[in-house]
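These notes are about the structure you will find just below.
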Amino acid sequence: MKALVLREYNRLSYDDVPEPSVVPDEVLVAVKACGICGSDVHGLDGSTGRRRPPIVMGHEAAGVIARVGERVRGWAVGDRVTFDSTISCGACPHCRRGEVNLCDHRRVLGVSCEDYRQAGAFADYVAVPQHILYRLPDALSFEHAALIEPFTIALHAVRRKPATLNDTALIIGCGMIGLALLQVAKLSGYGRIFVVDAAADRLALAAALGATATINSVATDPLAEILRLTCGTGADHVFEAVGVAPTVDLSVRAARKGGAVTLVGNVAPSVALPLQLVVTRELALFGSCASAGDYPACLDLMARGALDPVPLLSAVAPLAEGAAWFRRLQVREPGLLKVILAPAAA
Ligand SMILES: [Zn+2]
Ligand SMILES: [Zn+2]
């Protein structure tokens, strides 16, 4: 089969590789669409240590079951599916509590780190265990279904601390996750929803998606603007969807006394925290990682049109052209959000 392989850092090549073998509890999925995640782009240059070559990346995918292992029940060849990006073990204490994203033996598709190497879905075929599969509603195309995974990240983050009706939300970062957060927050009881980003085109998209106000962090002092918009109090709930020191700092400063900050962005391994602000203002800090049990709701919401992937989908391109699209994302070409790669067989 063909796959887009990270041969060495910053070198992706579209190669012939062996088809994955399928163990008894797995299915082989013929990939129809797979999204390029920000973490794949960050992984490309080795800075995260989570994409050690050689590796086939790709964890935001949808396709059709092409083969089933001998112990697979309830799934058949031809079924249209997506799957969790996390492979959980099902047996550890966290899995038993339903916290599959916190699994002690967690593997992420398309990731290779110190502990494991798990081939992903930038390939004609990917093998996945049956317990992470989800059936696609008929109304969902493969391209749109490939955006389910980032929407589950947003849904999970919003569920970490449910809104009190009419709470004010602030979303820092209008990349794919920030814009998915905006859509999910709109469904979740928030009143006003403000967004911050440095890119005018992304802010325009956020405005079109229903943000109450957009704040350009290059043109204005974002903290002053947030305080102005909230009559000096700050936001009830801040979602940080960038993951670097200045934006984490802003997220803490922009939360009201007694408010909450949910940290979703995950780029810098550590950042300085304004400790006294967190303590004296009694802020609640939440981390949010991947998702746990959020797929069925996301699939249903998207199939019914309550979540709209269309404004976030920049391009659908052949998998063979993947290396060039990674480069365009790496240099942050304006206007590019989610790029979907489709294998030739699709
Ligand atoms: Zn991702
Ligand atoms: Zn587990």
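As the structure lists them, so they are numbered: ligands from 1, and atoms in each ligand from 1. Nothing fancy with the numbering, it's 1 onward along the sequence.
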**Prompt:** Given the rule in the side chain to side chain contact (heavy atoms under 4.5 Å, CB included) test, do Leu109 and Val128 qualify, once you have shown the distances and angles that lead to the verdict?
**Reply:** CA-CA 9 Å; Leu109 282 159; Val128 299; 4.0 Å; yes
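Look at His94 and the Zn ion (ligand 2): no N/O/S atom of the residue is under 2.8 Å from the metal. Residue His105 does not count as close to the Zn ion (ligand 2), with no N, O or S atom under 2.8 Å.
The hydrophobic cluster containing Tyr14 also contains Ile55, counting ILVMFWY residues as joined when their side-chain heavy atoms lie under 4.5 angstrom apart, directly or transitively. Hydrophobic clustering keeps Phe194 apart from Leu181 (ILVMFWY residues linked when any side-chain heavy atoms are closer than 4.5 Å, directly or through intermediates).
Within 6.0 Å of atom CZ in Arg117, more than 12 heavy atoms from other residues, nucleotides or ligands are found, so the atom counts as buried in its surroundings.
Atom OE2 is the N, O or S atom of Glu60 at the shortest distance from the Zn ion (ligand 1).
With the Zn ion (ligand 2) as the vertex, atom SG of Cys89 and atom SG of Cys103 span an angle of 100° (nearest 10 degrees). To the nearest 10 degrees, the angle centred on the Zn ion (ligand 1) between SG in Cys37 and NE2 in His59 reads 110°.
Going from atom CG of Leu341 over to atom CE of Met57 covers 9.5 Å, rounded to the nearest 0.5 Å.
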